[in-house]
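Shown next, in structure tokens, is the structure this report addresses.
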2 protein chains.
Amino acid sequence: MGYPREQSIQQATEVFWLKGYLGTGMRDLQTALDKRPGSIYAAFGSKEGLYLEVLNHYTDVLHGQIMAVANSDTPLQQLREFLRFPLAVDHSAAHKIQCLIVKTQADWAELPEGVKSELQAALAHLRKAFEAVILKVRSTGELAADTPVERAAMWLQGQFIAMRTLATSVDSPASLSWMVDKIVSDLSGEWTE
Amino acid sequence: MGYPREQSIQQATEVFWLKGYLGTGMRDLQTALDKRPGSIYAAFGSKEGLYLEVLNHYTDVLHGQIMAVANSDTPLQQLREFLRFPLAVDHSAAHKIQCLIVKTQADWAELPEGVKSELQAALAHLRKAFEAVILKVRSTGELAADTPVERAAMWLQGQFIAMRTLATSVDSPASLSWMVDKIVSDLSGEWTE
DNA sequence: GTTAAATTTGAGCGATCGTTCAATTTAATC
DNA sequence: GATTAAATTGAACGATCGCTCAAATTTAAC
């Protein structure tokens, strides 16, 4: 049995997602991973190193979900489901509604340089996936052919952030499902060049 | 010369806005206010107490700005300017782009109970101001009379958050001014009940 | 000028932070 | 089973955290 990296990364994701980068202490991680400090440092080097692996894994999963939308035959319908999903998470896991990347970005001024650059890279990477979605929806004819791809992708990322941020400050996130319809509707709206 | 509360609150706002609630230490505040710990504790009781006054003042200012939009004779035009404003802040003050409330919300799980409830209250208070804007724009006929006020207000708050969050992760915030047009345009878009 | 009250000072408290590393336990090899 | 290598342990380090309070200073009153 080698060191359970994947399991540790998932457990650490839980903690960072709940408490944020600054709010998470090594002792929180030691408890969550059921490992003593030496083991964690042998495996990940530092708190920052562990967080970077968490961020990478998180970004990969999210990127995969968005690309699945882009690669679907019914991208608009899949986009709906993708956007709707976080509105249905259990109340006990409410912290999972907010995007981990956006959450960490809030601590910007206090983050190690390595974390800052990876966060920027992650946002840009995800934006590329949103671009793929826009391109696909355009190719199916469900979206005007002259819709500006980069702007629409950034706008979509913004809507994603807005919905998830609002959902964390509301009693019943599910009551925001009308916003999904609004987003899909506005996607086909005006895009003045 | 009594204790300079207002000045201290403004100086503390700078620090909290830059570093966040968790990221700000009492020593940061001592430096910024040029006060020794005892004075700060005599005036504000605790770090939380000082932050709550900062939050209150910040919320009041922002609420006033939004209400000024609502009370204007040309609310839609004023809304444009209100939304556009943070895109023009100096690069050296980039941290002021993001909303202080949203920023603090990111540390949710680690915040004192008193801060949590005040954040919720601040968001709700500002949403009321957004409602006033929607009502006013509706009354001028620039917006359909059947536009759902509560939803539109929450949506507008979401767009506000989205724009400010995206603007912090982009090289030139001013390049996002197209998003202001998109928001104003979508405001008159579909609102399926 | 004297006294009393109010304010400010700053050394330092106990707790917690991220991290280290000598010592120990576990796994692998012959 | 003996030997070596690899992985894990956990006490403890220096730094920093929010905060306290006796002492010093400033302000107010007569």
Picking from Y51(B), W17(B), Y58(B), what satisfies side chain to side chain donor-acceptor pair (under 3.5 Å) with T104(B)?
Y51(B)
Residues forming a side-chain contact (heavy atoms from CB on, under 4.5 Å) with D28(B), sequence neighbours excluded
V15(B), K19(B), T24(B)
How far apart are the C-alpha atoms of T165(A) and Q98(A), what are their side-chain angles, what is the distance that settles it, and do they pass the side-chain hydrogen bond (donor to acceptor under 3.5 Å, both in side chains) test?
CA-CA 6 Å; T165(A) 303; Q98(A) 179 61 293; 3.1 Å; yes
Calculate the interatomic distance between Y51(B) atom OH and dC19(D) atom C1'; express it in whole Å.
20 Å
Identify whether any heavy atom of Q30(A) sits under 4.0 Å from a base atom; if not, whether one sits that close to sugar-phosphate; answer base, sugar-phosphate or nothing.
base
Axial cation check for Y41(A) ring with K35(A), 6.0 Å and 45° limits
no
Atom-pair distance (NZ on K35(B); P on dT26(D)), nearest Å:
14 Å
For E14(A), the salt bridge (Lys or Arg N to Asp or Glu O under 4.0 Å) test, sequence neighbours excluded, returns K96(A)
Near DNA chain C, counting only heavy atoms under 4.0 Å, which residues of residues 110-117 of chain A show up?
none
If you check the R36(B) side chain, which of dG10(C), dT9(D), dG18(D) turns out closest?
dG10(C)
In whole angstroms, how far is the C1' atom of dC19(D) from the CG atom of L29(B)?
13 Å
To the nearest Å, give me how far apart NZ (K47(A)) and P (dT20(C)) are.
14 Å
L33(A) atom CG is separated from dA7(D) atom P, nearest whole Å, by 17 Å
Using the closest heavy atom to pick a nucleotide of DNA chain C for each, name whichever of P4(B) or G25(A) lands nearer the 5' end.
P4(B)
At less than 4.0 Å, is any side-chain N or O atom of S39(B) found next to OP1 or OP2 of dT7(C)? Yes or no.
no
Detail all sub-3.5 Å separations between protein N/O atoms and N/O atoms belonging to nucleotides 23-25 of chain D.
none

Parallel, tilted or perpendicular, as decided by the 30° and 60° cut-offs, for the rings of H125(A) and H63(A)
parallel
Please list, for nucleotides 11-16 of chain C, all pairs of protein and nucleotide N/O atoms separated by less than 3.5 Å.
none

Residues at least two apart in sequence or cross-chain that pass salt bridge (Lys or Arg N to Asp or Glu O under 4.0 Å) with E53(A), listed by chain then number, are R5(A)
Atom CG of L22(B) and atom P of dG18(C) are separated, to the nearest Å, by 12 Å
